[in-house]
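Contents: one structure, followed by commentary.
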Amino acid sequence: MPGISRKTTIALAASASIALLATACTGRPDSGASDDASKETTVTFWHAWSAPSEVKAVKDLVAGFEKAHPNIHVHVVGNMTDDKMNQALRTGGAKAPDVISSFTTNSVGKFCSSGALVDLDPFFEKSGIDPRKTFPKAMNEYTRFEGNRCAVPLLGDAYGLYYNKTAFKKAGITAPPKTWSEFERDAEKLTIPQGDTYKQLGFMPNYHGWETTTEHYLGQFSPTYFDKDGKSNVAKDPAFEAAFKLQKKLVDALGGYRKLETYRSGLGDEWGPKHPFHTGQVAMQLDGEWRLGMALDAKPKFDIGVAPLPVPDDQADQYGKGYITGTIAGIAATSKKQNAAWELVKYMTTNTDAVVNFSNAIHNVPSTLAALKSPKLTYDPRFKTFLEIAANPDSTTAPASVNGGVYLTTIQQFGYDYESGKATDLKAGLKKTAAQIDTDIAQAK
Amino acid sequence: MSTYTLRAKHRRSTLRTLAFLSPWLIGFTVFFAYPLVSTVYFSFMRYDGFRPPVWTGTKNWTYVFEHYPLFWPALRNTLWLVVIMVTLRVAFGLGVGLLITKIKTATGVFRTLFYLPYLAPPVAATMAFAFLLNPGTGPVNSLLEKTGLPAPGWFNDPSWSKPALTLLALWGIGDLMVIFMAALLDVPKEQYEAAQLDGATPWQRFRYVTLPNISPIVVFAVVTGVIQTMQYYTQPLIAGKVASGVIQGAGTLFEPGYPDKSTLTLPQLVYNLGFQRFDYGSACVVALVLFALSMAFTALLMRRKGGLIQAGER
């Protein structure tokens, strides 16, 4: 092959690199709320639900709205991931959503601070609705950021404890644990080893055990994530140290990180019928209210018990609280039909009957105080535990941040290092984590 | 001929040339020059896609290199994959190609067997590997345990996750095998006959006859392999997600790089920073690092002396 000149080499190298560059930034049109909601119009609604029963529930919800507002038609688009929504909110366009509904609260801070979703306070005011009197405290918190309410709760998620009543009976445990000390004792009693693995594990404490994320554990310790100056409180609030210590203690007591991780890797997935709680492979499970329906559908060979998650021993009086999050709804800043969009959002999130019916169909916790108390709410008696957790004033959530859920991921990353033994100095690790959170926030501002 | 006529003729000629070149020129401008210039431009801006971009100087560069904890692990992983995975892929592809050209019977069956895995969609193939290599229930570890061999944690162990990805890449070697087979069958037979007459051993025939003849194809395989590996996104992401048990749902967090950041690659960071953290500026910095790396690798492989292609080799 003939020699290749330097110029050719550079040209070839440059051409070879073309595919690596992927950036094309687009602008977005100005927003405005000058539309007449009493005129014939169509709004586009993007949501994330995908299961047939859920999609039907959304259709019924929208049908109820269209009946009440015959002039406003709703074009519903389901199964939309957060990534797709983020992209559509950035770019706008004729097919972009007017109303979005997302499963996560993680993006609320970014959406509020960047103006991707419109501030809904003026709309609430105009409609004479006080959000503080309408939604539970924690839900009120996670739908706003620095005075801007850019989102509304649309059904909530409350986290509690599922337990295998049959296994409890066999182990001689008469009631679900109320404190973490009791929990640890029960988890050990419920663990039945089998060779190098387990016949039954009392609890899967690893942070990769699906819903056993750092923030869900932390919810039971009522942490303050940020101080009044907006700086990370991770190294200062003792709740963080206590939560990490507790989880590590559980990991060590139940077999150690590696053994648990190997066991976990062979378990069924979180959303499938072979979830380890359904199959009896783990006896206790930290999970959201949706697990009850999924577990019952799987027809397990044991009785399912439901209770709030334990609390730290020195907070026994707060037993009953839990971590709260949920689905949110908002109006795109790029929407040209914001008044009509508000009518849809208002109906879906504040009309008690609509919220109750939707909650009955989806099996999530209702997101208004009125709906939580509604006699029309139909549920398995065990579901009441989650309604009580949602209404509990001590229940907690993770606050919105300017860079979304990045601070939670950073805490979680430290959690992985700490549980696996890669990081051993807890205090130093928390300090480093706090510094990283502050740096990430400064970068996003 | 007047000056005016000459000038008009010259202009017509220039326009004709440009017209012929226009498809390439348009493609180059739209798909290369503009993205490159805007990537450089946005790497100095704070831009989240919602608010107008704001000049921040070198803030994004400092952030990525000094404060973004995922950058260095991702760079190390990407370099590991470029060096190890590409080398093994080329060596394995060439080996399989050589073997199949030597086989006398059932050639079609073997060719099909080695080519078929290449047709598997990357997501499905990765999920199948995650199932096969599951340390708790996977058939591979069951077999290893039965034979008394140590059973690794594969995608669940940071020291085995990249070798597991390499195995997956070697399994899908079909594309390279076909290219190498075509090149190997193209080597003039008389050169082998002459070498054999001179008493050359099989290794010497491979070293002094086969290799020089197929060296452009080896370069092609290495360069395209480097580019593919620089863009390696789907397989490590899926493997990490499946092995970590995190299937994106309500409240679950995006967790790139499971276990212990070992499957994190630079393209994942571009996505993570740009489309999940809303930080286009820093994403552009990582994209430029990828660009510079691919330039450097390609230049290294194609330089006149010491590279894979050397002047006067053929």
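In what follows, every chain begins at residue 1, and chains take the letters A, B, ... in the order their sequences are listed. Atoms considered below: every heavy atom in the structure, side chains included; atoms not considered: hydrogens, waters and symmetry mates.
The residue among A:K445, A:Q87, A:E261, A:K110 with the most heavy atom pairs within less than 4.5 Å of chain B is A:K110. Listed options A:N403, A:D83, A:T262 were ranked by heavy-atom pairs under 4.5 angstrom with chain B; first place goes to A:D83. Heavy-atom pairs under 4.5 Å with chain B peak, among A:D82, A:V406, A:T197, at A:V406. Considering only heavy-atom pairs separated by less than 4.5 Å from chain A, the leading option among B:F131, B:F278, B:F297 is B:F278.
Side-chain atoms of B:S43 and B:W61 include a donor-acceptor pair closer than 3.5 Å.
Proximity of a side-chain donor or acceptor of A:S367 to a complementary backbone N or O of A:L155 within less than 3.5 Å is detected. No donor-acceptor distance shorter than 3.5 angstrom exists from the side chain of A:T212 to the backbone of A:H208, with no hydrogens or angles considered.
Cation-pi geometry between A:R291 and A:Y159 is not satisfied (NZ or CZ under 6.0 Å from the ring centre, within 45° of the ring normal).
A salt bridge links B:D260 with A:K422: the closest approach of a Lys/Arg side-chain nitrogen to an acidic carboxylate oxygen falls below 4.0 angstrom. Checked for salt-bridge contact, A:K274 and A:D269 miss the test: no charged N lies under 4.0 Å from a carboxylate O.
Contacts of A:A435 with chain B are absent, with no heavy-atom separation under 4.5 Å from either backbone or side chain. For A:Q436, the part sitting under 4.5 Å from any heavy atom of chain B is the side chain, from C-beta outward, and nothing else. Only the backbone of A:S113 comes within less than 4.5 Å of a heavy atom of chain B; no side-chain atom from C-beta onward does. Both the backbone and the side chain of B:N156 have a heavy atom closer than 4.5 Å to some heavy atom of chain A. Residue A:Y323: no heavy atom, backbone or side chain, is found under 4.5 Å from chain B.
Few gaps surround NZ on B:K59; more than 12 heavy atoms of other groups in view lie less than 6.0 Å from it.
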